[in-house]
2 protein chains.
Amino acid sequence: MDNSTATTVFESLSSGVRLDIVRLLIKTGHQGLVAGEIATTLGLPATNLSFHLKALTQATLVSVTQEGRFQRYRANLAIMQELIVYLTEECCSGHPEQCFEKPLAAADCCDTNPSLSSTQTD
Amino acid sequence: MDNSTATTVFESLSSGVRLDIVRLLIKTGHQGLVAGEIATTLGLPATNLSFHLKALTQATLVSVTQEGRFQRYRANLAIMQELIVYLTEECCSGHPEQCFEKPLAAADCCDTNPSLSSTQTD
DNA sequence: ACAATACTTCAACTATAATTGAAATATTAA
DNA sequence: TTAATATTTCAATTATAGTTGAAGTATTGT
């Protein structure tokens with residue numbers, strides 16, 4: 001991931017609304033959600049949601065597929081992983097010795113570790 | 001890291017200027033840089049830099065200490081690590097089975113692995 | 001064909017962020 | 001103590017982002 005892509009991704013996630021959308025879509029995984037379901041879940045007017053979904057789609061953080069008159073949105077997990085790699089590289093750049101003094105916990109991510117998910121606020 | 005903190009951090013890094021500042025300060029590590037050095041390196045007017053440094057400081061992405069009439073800024077690596085953990089948790093939430101299909105590379109970060117740093121664009 | 005549904009686009013508006021030069025503050029050097 | 005240096009704050013301006021209702025497009029159900 002290059003710096004301008006990273007900026008675009010950060011920009012996308014800098015809106016509370018868009019972060020909520022991405023987190024919601026990550027939770028629904030491959031199934032994703034159609035626009036109306038997102039609107040209902042997050043209590044957003046359709047036009048406002050559409051605005052943010054367009055931004056997220058252009059930033060490739062979500063993908064869309066048409067299903068009849070519905071538009072199904074899915075989170076792009078790959079780019080989240082790339083973002084994690086990017087941040088890890090940046091944190092280490094030139095200073096590996098002070099990088100990750102405490103354990104990263106990334107490796108623990110997929111374990112059944114309730115203490116990780118319980119740190120979330122909503 | 002809670003969601004509103006994450007939003008604040010993303011907001012901070014969503015500006016190309018601020019991302020440049022943080023990346024520069026990460027490179028200089030514990031030594032950090034005084035404001036004037038940052039301004040010279042990035043070619044920014046002092047007042048504009050000060051604006052962004054204030055935002056970064058309030059978001060706790062950088063810290064300041066006074067040295068006579070200089071202000072020395074340093075990156076807060078700990079919050080970058082927390083951000084990585086936050087993203088990892090979010091990516092995994094509810095879907096550990098599809099989390100990190102490809103290797104994360106986070107663990108390789110501090111190894112002498114030139115292929116990682118060579119992916120950066122500037 | 002026609003009405004209903006799902007969603008997007010458009011245009012207008014409001015809100016927030018970024019940039020700038022001038023003035024202010026604080027520290028140091030002469 | 002006066003001048004120079006380092007940085008911040010302020011006020012004004014410009015630029016960009018977010019929100020909304022109305023209208024438009026496309027698909028489906030009757």
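Below, chain A is the first sequence line, B the second, and so on; all start at residue 1.
Inspection of the B:Thr28 and B:Arg74 side chains reveals no N or O donor paired with an N or O acceptor under 3.5 Å. Residues B:Asp2 and B:Tyr86 bring no donor and acceptor atom of their side chains to less than 3.5 Å of each other.
B:Glu11 has a carboxylate O that lies under 4.0 Å from a charged side-chain N of B:Arg18, or vice versa, which qualifies the two as a salt bridge.
Each of A:Arg18 and A:Gly68 lies near DNA chain D, and the nucleotide nearest A:Arg18 is the one positioned closer to the 5' end.
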Going through the distances and angles, do A:Asp20 and A:Leu44 end up as a side-chain contact (heavy atoms from CB on, under 4.5 Å)?
-> CA-CA 11 Å; A:Asp20 285 345; A:Leu44 293 172; over 6 Å; no
Under the side-chain contact (heavy atoms from CB on, under 4.5 Å) rule, what do B:Tyr73 and B:Val34 come out as? Steps first, then yes or no, please.
-> CA-CA 6 Å; B:Tyr73 287 89; B:Val34 300; over 6 Å; no
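Counting to the nearest Å, the C1' atom of D:dT9 and the NE2 atom of B:His52 are 15 Å from each other. Between A:Leu42 atom CG and D:dG18 atom P the separation is 16 Å, expressed in whole Å. Taking atom CD of residue A:Glu11 and atom P of nucleotide C:dA17, one finds them 12 Å apart after rounding to whole Å. Atom P of nucleotide C:dT8 and atom CG of A:Leu56 are separated by 12 Å, given to the nearest angstrom. For the pair A:Lys54 NZ and D:dA17 C1', the computed distance is 14 Å after rounding to whole Å. Atom CG in A:Leu33 sits roughly 15 Å away from atom C1' in C:dC7 (whole-Å rounding). Remark: P of C:dA6 and CD of A:Gln66 are 14 Å apart, rounded to the nearest angstrom. Computed from coordinates, the A:Phe51 CZ to C:dA12 P distance equals 17 Å when rounded to whole Å.
For B:Asn48 and C:dA18, the shortest distance from a side-chain N or O to OP1 or OP2 is not below 4.0 Å.
In terms of modelled atom types and a separation under 3.5 Å, the side chain of A:Asn76 and the main chain of A:Val62 share no donor-acceptor contact.
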Going 5' to 3' through nucleotides 3-8 of chain D and flagging B where a protein heavy-atom sits under 4.0 Å of the base, S where only the sugar-phosphate is that close, and - otherwise, we get --BSSB
